[in-house]
Amino acid sequence: MPELAEVAYASKQWNLAVSKRVKEVVIHPTSRVFRDCDKNSVFELLSGKQMKSGQSHGKQILFHFSGNVWLGVHLGMTGSLLNENSTYLPQKHDALVLKVNTHSFIFRDPRQFGRIRIEEGKNQPVWWSNQPISMLDSKFEIKILKNALIRHNRRPIKALLLDQRYFPGMGNWMADEVLWRAKIHPANLCSKIPQLKMASLFNEILFVVSGALNSVGKNGGDPPKGWLFHARWKDGQLCPKTNSALKRESIGGRTTCFCPELQKIF
DNA sequence: ATACCTGTTTCCCG
DNA sequence: CCGGGAAACAGGTA
């Protein structure tokens with residue numbers, strides 16, 4: 001489920017909790033999402049606290065509570081944030097449920113690749129404030145792309161786009177969407193990207209990020225019609241631009257969908 | 001049954 | 001020491 005826009009949408013599902021006081025904390029006894037934190041701390045630090053705010057940055061989510069408490073959520077591959085009414089009964093894969101008077105706020109993650117962090121401190125946690133520049137920030141410039149291309153010249157461009165140190169929030173389908181729009185074969189090594197292509201690659205990153213936020217990020221639905229997204233999931237689909245057969249193969253360690261007619265090796 | 005999956009970390013290799 | 005890639009994590013779904 002979760003890349004940048006879906007993560008932004010997920011974090012909003014807990015907006016109703018802002019300014020509410022946590023009456024009950026329900027923690028899954030065995031879920032791996034607590035592997036890096038102390039479950040007792042999660043319980044102790046959140047119980048009775050008032051949620052101040054929630055925000056997302058790339059694939060990371062941070063909630064701020066009274067008493068200088070910070071709750072970090074990463075959705076992994078199958079995580080989601082939901083809200084239900086106050087009579088909600090926790091289900092099998094609900095890792096964390098926070099109950100306030102009116103609602104239950106749920107972090108559900110069947111595969112448990114997600115992650116919960118809990119911290120107490122006057123300032124935002126270091127892992128949060130040290131994140132790379134957001135792709136939405138005006139300081140996210142083409143220089144970041146160019147430097148990454150040079151540094152990782154032996155890597156396929158698809159793998160580079162998935163690197164969260166440079167493109168926080170970029171995920172598998174967004175990366176495919178970007179390369180398809182920029183007409184770049186995903187297996188191209190970074191050293192092979194022509195200088196002239198870099199500006200369009202950068203612009204397509206911005207386009208896909210904002211387009212995804214305006215559709216998926218707003219209402220949780222799908223990206224706009226005509227995007228590769230709608231054709232990329234199964235074999236035998238046609239390219240929305242060329243109407244020729246799309247191809248799917250593993251590139252950069254992930255299933256990658258592209259249009260061989262449109263996206264060239266340089 | 002078998003394969004596949006919108007992510008990250010760890011380990012091994014050159 | 002560095003960068004790249006495979007494996008591992010785990011459960012649901014086709």
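As the structure is a computational prediction, the values presented were derived from the model and not from experiment. Hydrogens, waters and symmetry mates play no part in the numbers below; they use all other heavy atoms, side chains included. Lettering of chains follows the sequences in order, A, B, ..., and the numbering in each one begins at 1.
- Applying the salt bridge (charged side-chain N to carboxylate O under 4.0 Å, His left out) test to residues at least two apart or on different chains, the pairs with a partner in residues 248-266 of chain A are A:Asp235-A:Arg248, A:Lys247-A:Glu249.
- Applying the salt bridge (Lys or Arg N to Asp or Glu O under 4.0 Å) criterion to A:Lys12, with sequence neighbours excluded, gives no partner residue.
- Between A:Leu228 atom CG and B:dT6 atom P the separation is 13 Å, expressed in whole Å.
- The backbone N or O of A:His74 lies less than 3.5 Å from no partner atom in the side chain of A:Lys59, so there is not a single donor-acceptor pair.
- Residues A:Leu62 and A:Val18 fall into different hydrophobic clusters, defined by Ile, Leu, Val, Met, Phe, Trp and Tyr side chains chained together at heavy-atom separations under 4.5 Å.
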### Message
How would you summarise protein contacts on nucleotides 3-9 of chain C per nucleotide, using B for base, S for sugar-phosphate only and - for none, with heavy-atom distances below 4.0 Å?
### Response
SSS---B
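- In this structure, A:Phe105 has its ring center at least 6.0 angstrom away from the ring center of A:Tyr88.
- Rounded to an integer number of Å, the gap from A:Met170 CE to B:dT6 P is 15 Å.
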#### Entry: Pairing annotation in dot-bracket form, given for DNA chain B with Watson-Crick or G-U pairs under 3.5 Å and | for cross-strand partners
.||||.||||||||
Between the protein and nucleotides 9-14 of chain B, which nitrogen or oxygen pairs come in under 3.5 angstrom?
from: B:dT9; atom 1: OP1; to: A:Arg115; atom 2: NH2; distance (Å): 3.2

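- With a 4.5 Å cut-off on side-chain heavy atoms, A:Leu98 and A:Val25 count as touching.
- Aromatic ring pairs are classed by plane angle as parallel below 30°, tilted from 30° to 60° and perpendicular above 60°; the pair A:Phe258 and A:His185 is tilted.
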List, with names and distances, any nitrogen or oxygen atoms from the protein found under 3.5 Å away from nitrogen or oxygen atoms belonging to nucleotides 12-14 of chain C.
from: C:dG12; atom 1: OP1; to: A:Lys92; atom 2: NZ; distance (Å): 3.2
from: C:dG12; atom 1: OP1; to: A:His93; atom 2: NE2; distance (Å): 2.6

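- The CE atom of A:Met174 sits 14 Å away from the C1' atom of B:dG7 (whole-angstrom rounding).
- Between A:Gln112 and C:dG11 there is a side-chain N or O to OP1 or OP2 distance below 4.0 Å.
- Look at the C1' atom in both B:dT6 and C:dG4: the space between them is 23 Å, to the nearest Å.
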